[in-house]
Chemist: 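The structure under discussion is supplied below as structure tokens; questions concerning it will follow.
Predicted model, so just to flag it, every value in this text is computed and none were measured. Order of the sequence lines sets the chain letters (A, B, ...), proteins ahead of strands, with each chain counted from 1.
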Amino acid sequence: MDNSATRNDPLPSDAVTYDPSAIEEKWQRIWQERGTNHTDLQRAQRPFYALMMFPYPSAEGLHVGNLFAFTGNDIYGRFQRLMGHNVFEPLGYDAFGIHSENYALKVGVHPMDLIPRNIANFRRQLERSGLMVDWRYTLSTTEPEYYKWTQWLFLQLLKQGLAYKKQAAVNWCPKDKTVLANEQVIGGACERCGTPVEQRLLEQWFFRISNYAPRLLENLDHIDWSETTKTAQRNWIGRSEGAELAFETHDVKGNECEIRVFTTRPDTIYGATYMVLAPEHPLVESLTKPKQKKQVERYRESTEKQDIVTRKTSTDKTGVFTGSYAINPATEKEIPIWISDYVLMEYGTGAIMGVPGHDERDFEFATKFELPIVRVVCGEREDANTPLHKAFTECESGTLVNSGVFDGFQVEAAKKAIVELLAKGGSAKPVVHYRLHDWCISRQRYWGPPIPIIYCESCGTVPVPEKDLPVLLPFIEDFKPDDSGVSPLARHEEWYRVECPKCGKPGRRETDVSDNFLDNSWYFLRYPSVGHDDVPFEKNVTKKWLPVNSYIGGNEHAVLHLLYSRFITMALHDAGHLAFEEPFTRFRAHGHIIREGAKMSKTQGNIVNPDEYIERWGADAFRTYLMFLGPYEQGGDFRDASISGTRRFLDRLFASVQSMAGDGEADHAVMRKLHQTIRKVGDDIARLSYNTAVAAMMEYMNVLRKGERTPHRDEVLPLIPLVSPFAPHIAEELWEQTGGTGSVFDSAWPSFDPRLALEDSIELVVQVNGKVRGKITVARDISEQEAMVVALADPTVSRFTTGDPRKVIFVPGRLLNIVV
RNA sequence: GCUCGGGUGGCGAAAUCGGUAGACGCGAGGGACUUAAAAUCCCUUGGGACAAAAUCCCAUGCGGGUUCGAUCCCCGCCCCGAGCACCA
């Protein structure tokens, strides 16, 4: 990087007014001509990868929310560049997926035609907003040069045993005869026709992310991410410590067998009065007595038909008795075995012990089916006979009752003791469960990368050899999902009929495409290697630029995208492809913009199209406004009327530069404020507190304007680099006007003198009994005794301090509190 | 239901470690310039008591608590937003 930018020429004398559209056009042209935004990836000395989440290129064009997000990242990147880093700020498009496909279906344009159009429009809007993006390294997930490697990724996971196939349920609309994504199911019905949705079992591909649950959880303690994001991931991974308990029973033929359950409350085992299996539990068949067979079968059928969404949201308890009983290992009593859909096969062991006294769901179930409810834990003001009107689920204050030898134990101690005792008989062991389940990556859709698998009659499932990648997504007219229950690609024999790469016999391609989240789980690895078509990510460039230094994006991706990216990075690390296992060293979630108190939506007609605003106010004023409207990490309220404020600020900055005096004697107060401002703006940008950084610059501008005399060069010029991350075009223009050479972004962030930034005298607050009664101007390092003398001389203070003070609190440099 | 945010003037907001509540901006009111308007510039602007200044009282969703001192910490509520949702 050229860090030798200097000033040499005197000021131009002819005054002009600030014309954003001319200046912005001029500098965008110059940046392009000079390659100002280009980063030399090979030769960079101090690489800094400033990444933002890439957009889905919608037909509506760039949303003000996108621009808010990108501008925040751009400011951070430009600031790092001014701090001497070689900043790489790439941007691309996440253009595969159901979102694009549905839109294409709606407007009747093929996605292969639609997406390039949308991308062109996005690119135009993005360039207009003045982002420091190096467009030589852009990408779209829909390009074969990109998804070739998405498919490669699948093959690597397959090799590692992390990809496998199993039956799984999908939402199925019986009228439209199509597979639906979860977001297309509204209240249990098809979004389009309103028909109740059913479950259908299909063979689908999964990634074994659950293997990584402990690591994904533990690493969170060591990465610099927004706390809210980490918490969301922790909850999603959902670690539960508990025990697996075995309950003895007999199947219908009289053979002994056991039912294993997972519980986090082994202490409540004396209160287990029944058991419940998930309807699809493998033991159900052998445990169902002939008398109950009919109703059990009927129940299983009804839950199978139920759509996934309804099953997960209805709270009404249903279930049937199997006719069999198991032995509670603690009480040694017989308890009935039921089946119910409130027990999920995918979690734990697919079976539970029902403890109605101390679990809300069990309480509901037991009440409905009139099963016994026994209290085994008491609160502080209860005893064993206190009736239970609802489940008592408190742990901390609980004491065991009706629990044999464990009566009187505290809950936590009882958990341990009971598991230890049962473990001796082989019917218990401590276990940790995670709620994170494996990632289903199959989509019975068209608009995604085909999964690179070929099924052969004799060889079975055969991965497409890496040399044959990419498996191109063919252009087909009828990309609409239909009643086949599989991808539209399955209608194209000419595409899926292929020879087996192993034996040459007739084979059939996998016709499902992969999940959109797989596309975007690794794009950050690709950016620096764009152009290296022989590898997914080139070794040296990856070593230099990754992991990502700073990643900024919306918290709506706190879980899926960010977790999948971490998983993929770990898997690639374990396979020896990457030297690091966490992709993003630092992540910050930005907030969201609402407009005048309401969420922006098309139906409300309050969507902000950035084009109009940039037209009217200029990109610089618009960017600065977006950063000023609220705390970046919380978002804020977009109000049309307020943009004039940031524009006025830029007008004044421009005018100050035009009218500033040459050299002059430094004004101490102004210089002090300048150095304070330099410090504050830098600190604020570093912690993404952009709104207060802008406020600090405005404040300094006010100091300059309110002064007795015309501000001179040394007082005005440092504002140019300070404002440049927010308003890059005007900064370049003023830099040039004032004799700067090259780009202001190749100059250095101004340094501040900490001694100069200190006030000589301070205003010390004087309180009496904690109430402010006066303010005294004193030396910065005044002692408590001296301060007392000055304070008591103030009549307002002494009015309230009759008699001797009982206590004096002195915070040096801050306040003096006299307690009487 | 659970988890995470948030609630401060007319409005967007600030207060970085428990230490001057309301920085900065918008809007509003008044004034200067102007034939006039826009733009620009200057002044005022949380509420109340006082003619005014000085000064005092009240005020950070509600009710308590801790503290010399609470927008900030603790307990109990209310409201708004986001995410998750029968996870044993």
Chemist: Should A/K807 be listed as having a side-chain N or O under 4.0 Å from OP1 or OP2 of B/C68?
Modeler: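 Yes, A/K807 has a side-chain N/O under 4.0 Å of OP1/OP2 on B/C68.
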
Chemist: Would you say a side-chain N or O of A/Q767 is under 4.0 Å from OP1 or OP2 of B/C68?
Modeler: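 For B/C68, neither OP1 nor OP2 has a side-chain N or O of A/Q767 closer than 4.0 Å.
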
Chemist: Among the candidates B/C68, B/U20, B/A14, find the nucleotide nearest to the side-chain atoms of A/P631.
Modeler: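 Given the options B/C68, B/U20, B/A14, the side chain of A/P631 is closest to B/A14.
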
Chemist: Please compare A/S689 and A/A695 by the position of their nearest nucleotide in RNA chain B and report the one closer to 5'.
Modeler: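 It is A/S689 whose nearest nucleotide is closer to the 5' end.
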
Chemist: Of the candidate nucleotides B/U16, B/U3, B/G19, which contains the atom at the shortest distance from the side chain of A/T231?
Modeler: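 Nucleotide nearest to A/T231's side chain: B/U3.
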
Chemist: Using only side-chain N and O atoms of A/R773, determine if any of them is under 4.0 Å from OP1 or OP2 of B/C56.
Modeler: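 True: A/R773 side-chain N/O within range (under 4.0 Å) of B/C56 OP1/OP2.
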
Chemist: Heavy atoms only, 4.0 Å cut-off, all strands: where does A/R234 land among base, sugar-phosphate and nothing?
Modeler: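 Nothing, no heavy atom under 4.0 Å.
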
Chemist: So what's B/G27 paired with, Watson-Crick or G-U wobble, going by both distances under 3.5 Å?
Modeler: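 Across any shown strand, B/G27 pairs with B/U45.
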
Chemist: Between atom CG in A/D640 and atom C1' in B/G27, what is the gap in whole Å?
Modeler: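 Whole-Å distance recorded here is 14 Å.
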
Chemist: When the C1' atoms of B/C24 and B/C17 are compared, how many Å lie between them, rounded to an integer?
Modeler: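 Those two atoms are separated by 23 Å.
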
Chemist: So, is A/N691 near the phosphate of B/G12, with a side-chain N or O under 4.0 Å from OP1 or OP2?
Modeler: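 Looking at the OP1 and OP2 atoms of B/G12, neither is under 4.0 Å from any side-chain N or O of A/N691.
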
Chemist: Tell me which of A/N817 and A/D359 sits closer to the 5' end of RNA chain B, going by the nucleotide each one is nearest to.
Modeler: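 The residue mapped nearer the 5' terminus is A/N817.
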
Chemist: For B/A23, does either OP1 or OP2 sit under 4.0 Å from a side-chain N or O belonging to A/K673?
Modeler: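 Checking B/A23 against A/K673, no side-chain N or O comes under 4.0 Å of OP1 or OP2.
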
Chemist: Determine the Euclidean distance between corresponding C1' atoms of B/A39 and B/A32; express it in Å to zero decimal places.
Modeler: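 To the nearest whole Å, 14 Å.
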
Chemist: Given the C1' atoms of B/U55 and B/U40, what is the spacing between them in whole Å?
Modeler: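 Here B/U55 and B/U40 have their C1' atoms 38 Å from each other.
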
Chemist: So what does A/E763 touch, heavy atoms closer than 4.0 Å: a base, only the sugar-phosphate, or nothing?
Modeler: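 Base, at least one base atom sits under 4.0 Å.
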
Chemist: Under a 3.5 Å cut-off for both distances, is B/A32 Watson-Crick or wobble paired, and to whom?
Modeler: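 Pairing partner, where one exists within any strand: B/U40.
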
Chemist: If you check the A/E699 side chain, which of B/C56, B/U20, B/C24 turns out closest?
Modeler: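 Given the options B/C56, B/U20, B/C24, the side chain of A/E699 is closest to B/C24.
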
Chemist: Is a salt bridge present between A/R647 and A/D651, judged by a nitrogen-to-oxygen distance below 4.0 Å?
Modeler: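 Yes, A/R647 and A/D651 are salt-bridged.
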
Chemist: Under a 3.5 Å cutoff, is there a donor and acceptor pairing between the side chains of A/H592 and A/Q634?
Modeler: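 There is no such pair (donor and acceptor under 3.5 Å, judged by atom type) between the side chains of A/H592 and A/Q634.
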
Chemist: Which nucleotide wins on minimum distance to the side chain of A/T796, given the candidates B/G27, B/A88, B/U55?
Modeler: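 The listed nucleotide nearest to A/T796's side chain is B/U55.
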
Chemist: In whole angstrom, give the distance that lies between atom CE of A/M701 and atom P of B/C41.
Modeler: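 From A/M701 CE to B/C41 P: 11 Å.
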
Chemist: Less than 4.0 angstrom between a side-chain N/O of A/R435 and OP1 or OP2 of B/A88, yes or no?
Modeler: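 Checking A/R435 against B/A88: no side-chain N or O falls below 4.0 Å of OP1 or OP2.
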
Chemist: Could you tell me whether A/A232 contacts a base, only the sugar-phosphate backbone, or nothing, with contacts defined as non-hydrogen atoms closer than 4.0 Å?
Modeler: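 A/A232: no heavy atom of the nucleic acid under 4.0 Å.
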
Chemist: Does one side chain, of A/T229 or A/N555, offer a donor that lies under 3.5 Å from an acceptor on the other?
Modeler: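 A/T229 vs A/N555: donor-acceptor pair found between side chains.
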
Chemist: Does NZ or CZ of A/K673 come closer than 6.0 Å to the centre of the six-membered ring of A/Y700, within 45° of the ring's axis?
Modeler: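 Pair A/K673/A/Y700 does not count as cation-pi.
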
Chemist: Check this one for me: any side-chain N or O of A/T692 less than 4.0 Å away from OP1 or OP2 of B/C24?
Modeler: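 So the side chain of A/T692 is outside the cut-off, no N or O lying under 4.0 Å from OP1 or OP2 of B/C24.
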
Chemist: Does A/F800 reach a base, just sugar-phosphate, or nothing at all? Heavy atoms under 4.0 Å.
Modeler: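 Touches sugar-phosphate only.
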
Chemist: With heavy atoms under 4.0 Å as the rule, sort A/V819 into base, sugar-phosphate or nothing.
Modeler: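 It contacts sugar-phosphate atoms only.
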
Chemist: Taking only the side-chain nitrogens and oxygens of A/N702, find out if one of them lies under 4.0 Å from OP1 or OP2 of B/G25.
Modeler: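 Yes, because at least one side-chain N or O of A/N702 sits under 4.0 Å from OP1 or OP2 of B/G25.
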
Chemist: Mind telling me whether B/G9 is syn or anti, cutoff 90° either side of 0?
Modeler: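 B/G9: syn.
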
Chemist: Which whole-number value in Å describes the distance from A/D637 CG to B/G5 P?
Modeler: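 In whole Å, B/G5 P lies 22 Å from A/D637 CG.
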
Chemist: Using 30° and 60° as the class limits, which term best fits the ring planes of A/W338 and A/F369: parallel, tilted or perpendicular?
Modeler: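 A/W338 and A/F369: tilted rings.
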
Chemist: Measure the distance from CD1 on A/I593 to P on B/G81 and round it to the nearest whole Å.
Modeler: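 So the CD1-P distance, A/I593 to B/G81, works out to 19 Å.
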
Chemist: In whole Å, measure the gap between the P atoms of B/C11 and B/C62 for me.
Modeler: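 So the two P atoms sit 15 Å from each other.
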
Chemist: In whole angstroms, how far is the P atom of B/C4 from the CH2 atom of A/W236?
Modeler: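 It works out to 17 Å between those atoms.
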
Chemist: With a distance cut-off below 6.0 Å to the six-membered ring centre and an angular limit of 45° from the axis, does A/R623 pair with A/F726 as a cation-pi contact?
Modeler: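 No - A/R623 does not lie over the ring of A/F726 by the 6.0 Å and 45° rule.
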
Chemist: Examine the base of B/U16 for any acceptor or donor lying under 3.5 Å from a partner atom in the side chain of A/K680, and report the outcome as yes or no.
Modeler: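 When only heavy-atom distances are counted, A/K680 does reach the base of B/U16 through a donor-acceptor pair under 3.5 Å.
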
Chemist: Pick the C1' atom in B/A88 and in B/C73, then give their distance to the nearest Å.
Modeler: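 One C1' to the other, the span is 35 Å.
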
Chemist: So A/R647, base contact, sugar-phosphate only, or nothing? Heavy-atom distance under 4.0 Å.
Modeler: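 No contact.
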
Chemist: Mind checking who B/G63 pairs with, Watson-Crick or G-U wobble, both distances under 3.5 Å?
Modeler: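 B/C75 - that is the nucleotide pairing with B/G63, both distances being under 3.5 Å.
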
Chemist: Could you give the CG-to-P distance, from A/N235 to B/C2, as a whole number of Å?
Modeler: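 Distance, rounded to whole Å: 14 Å.
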
Chemist: If I take atom CG in residue A/L629 and atom C1' in nucleotide B/G12, what distance separates them, rounded to the nearest angstrom?
Modeler: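 Between C1' of B/G12 and CG of A/L629: 8 Å.
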
Chemist: Please walk me through it: do A/F68 and A/Y632 pass ring-ring contact (aromatic ring centres under 6.0 Å, His included)?
Modeler: CA-CA 9 Å; A/F68 174 77; A/Y632 187 64; 5.0 Å; yes

Chemist: Cation-pi check for A/W236 against A/R435: NZ or CZ below 6.0 Å from the six-membered ring centre and within 45 degrees of the axis, yes or no?
Modeler: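 The answer is yes, since A/R435 meets both limits relative to A/W236.
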
Chemist: How about A/F638 and A/Y625: are their ring centres within less than 6.0 Å of each other?
Modeler: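 Yes, ring centres under 6.0 Å apart.
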
Chemist: Between P on B/A23 and CE on A/M698, what's the gap in Å once rounded to a whole number?
Modeler: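 Computing the A/M698:CE to B/A23:P distance gives 14 Å.
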
Chemist: State whether A/R705 places a side-chain N or O below 4.0 Å from either non-bridging phosphate oxygen (OP1 or OP2) of B/C41.
Modeler: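 Yes, A/R705 has a side-chain N/O under 4.0 Å of OP1/OP2 on B/C41.
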
Chemist: With a 6.0 Å cut-off on the ring centroids, do A/W439 and A/F517 count as close?
Modeler: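 Ring centroids of A/W439 and A/F517 are no less than 6.0 Å from each other.
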
Chemist: Could you measure between the two P atoms, the one in B/G30 and the one in B/A21, and give it in whole Å?
Modeler: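 Looking at atom P only, B/G30 and B/A21 are 32 Å apart.
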
Chemist: Would B/C56 be called syn or anti here, given the cut-off of 90° from 0?
Modeler: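 Base orientation relative to the sugar is anti.
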
Chemist: Who is the Watson-Crick or G-U wobble partner of B/C4, with both distances under 3.5 Å?
Modeler: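 In the structure as shown, B/C4 has B/G81 as its Watson-Crick or wobble partner.
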
Chemist: Between B/C56 and B/U67, how far apart are the C1' atoms? Round to whole Å, please.
Modeler: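 That atom pair is separated by 25 Å.
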
Chemist: Taking a pair as Watson-Crick or G-U wobble with both distances under 3.5 Å, which nucleotide is matched to B/C68?
Modeler: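 Paired with B/G19.
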
Chemist: Suppose you measure atom C1' in B/C2 against the same atom in B/G29; what distance do you get, rounded to whole Å?
Modeler: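 To the nearest whole Å, 50 Å.
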
Chemist: Checking all strands, does A/K230 fall into the base, sugar-phosphate, or nothing category for heavy-atom contacts under 4.0 angstrom?
Modeler: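 A/K230: no heavy atom of the nucleic acid under 4.0 Å.
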
Chemist: Are any of A/R648's side-chain N or O atoms less than 4.0 Å away from OP1 or OP2 of B/U40?
Modeler: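 A/R648 to B/U40 OP1/OP2: side-chain N or O found under 4.0 Å.
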
